[in-house]
Chemist: 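Before anything else, here's the structure in question.
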Amino acid sequence: MAIFVAIAFFIVITQLFGVSRDYTNYDSFFSTARRFAFDFEFLETTRIEPIFTFLTWLSASFTKNNLLIYSFFVCLSLWVKGIAVSQVRNSWPVMFFVALFYGARFFPLLEMTQIRAALSSSFLLLAMKYSLTQLSQNLDSRKTVEMTG
C-alpha cells in the first residue's frame with residue numbers, strides 16, 4: 001500500500017498528467033487560508049466542509065507551497081483508504097486488483113480533481129470497515145453464547 005501512496009504522491013506533486021480542472025480553485029482556497037493564518041475568522045466564514053477547512057488552515061499556516069498542501073490531502077485520503085482495505089492485505093492478488101482498479105478508474109477523478117470528495121469517501125470506507133468489523137464480532141459472540149448456552 002505504501003508503494004501505491006508513494007506513486008500517487010509523485011504523480012500529484014509533479015502534476016504528471018497536467019493540472020486538474022479544480023486545482024486552481026484549491027490553489028486559491030489554500031492561498032486564502034494562508035492570509036488568515038492563525039486567525040479563527042477563516043474557519044467561521046468559509047462555505048467549505050469544517051474538517052477540510054481546518055486542515056487547510058492548519059497546513060497553510062506552516063507552508064507556502066500549495067502543491068504540497070494538495071499532495072498532503074491526496075496522501076491522507078489514500079492512507080485512510082489503505083486502512084479501510086487493509087483486511088484484504090493477506091491476499092496479494094485481490095489487493096493488486098483493487099489498487100489497479102482504483103488507480104485506473106477513481107484516482108484521476110477523486111485524488112487528482114475532487115480532493116474533498118476523495119477525503120469524504122476515504123472516511124466513509126473507514127467507517128464501513130469498522131462498522132462491519134463490529135457487526136461481525138457481535139455475530140460471533142452471539143454464536144458463542146448460543147453454542148455454550
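Both backbone and side-chain heavy atoms feed into the values below; hydrogens, waters and symmetry mates do not.
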Chemist: Give the cluster check for L124 versus W79: same hydrophobic cluster or not, with ILVMFWY residues linked at side-chain heavy-atom distances below 4.5 Å.
Modeler: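 No, it is not one cluster - the side chains of L124 and W79 are not joined through contacts under 4.5 Å.
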
Chemist: Taking only residues two or more places apart in sequence, or in another chain, which ones meet L55 in a side chain to side chain contact (heavy atoms under 4.5 Å, CB included)?
Modeler: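 For L55 the side chain to side chain contact (heavy atoms under 4.5 Å, CB included) partners, ignoring immediate neighbours, are I51, F73, L76.
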
Chemist: Is there a path of hydrophobic side-chain contacts, each under 4.5 Å between heavy atoms of I, L, V, M, F, W or Y residues, that connects V74 with L125?
Modeler: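 Not linked; separate clusters.
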
Chemist: Return the CZ to OG distance between F54 and S59, rounded to the nearest 0.5 Å.
Modeler: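 Going from the CZ atom of F54 to the OG atom of S59 covers 10.0 Å.
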
Chemist: With rounding to the nearest 0.5 Å, note down the distance linking CG in N25 to CD1 in I48.
Modeler: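 Answer for the CG-CD1 pair, N25 versus I48, is 9.0 Å.
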
Chemist: For the atom pair CZ (F30) and CG (L67), what is the distance rounded to the nearest 0.5 Å?
Modeler: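 Reported to 0.5 Å precision, the distance equals 9.5 Å.
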
Chemist: Just by distance, do the side chain of S131 and the backbone of M128 share a donor-acceptor pair under 3.5 Å?
Modeler: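 No; zero donor-acceptor contacts below 3.5 Å.
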
Chemist: For the residue pair Q114 and D22, what are the closest heavy atoms and their distance?
Modeler: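 For Q114 and D22, the tightest heavy-atom pair comes out as CG-OD2, 4.2 Å.
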
Chemist: Which value, rounded to the nearest 0.5 Å, describes the distance between F52 atom CZ and W57 atom CH2?
Modeler: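 If I round to the nearest 0.5 Å, the distance is 15.5 Å.
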
Chemist: Does the pair T56 and T53 meet the rule for a side chain to side chain contact (heavy atoms under 4.5 Å, CB included), with working shown?
Modeler: CA-CA 5 Å; T56 298; T53 300; 5.7 Å; no

Chemist: To the nearest 0.5 Å, what is the distance between CZ (F29) and CG (N66)?
Modeler: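 Spacing of CZ (F29) from CG (N66) equals 11.0 Å.
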
Chemist: Give me the atom names and distance for the closest heavy-atom approach of R34 to N65.
Modeler: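 Nearest heavy atoms, R34 then N65: NH2-N, 4.0 Å.
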
Chemist: Any side-chain heavy-atom pair from Y26 and I69 closer than 4.5 angstrom?
Modeler: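 No, side chains not in contact.
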
Chemist: Indicate the atoms forming the closest heavy-atom contact of A60 with A33, along with that distance.
Modeler: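 Heavy-atom minimum between the residues: CB-CB, 4.0 Å.
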
Chemist: For residues V80 and F123, determine if any side-chain heavy atom of one lies less than 4.5 Å from a side-chain heavy atom of the other.
Modeler: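 Contact flag for V80/F123 side chains = yes.
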
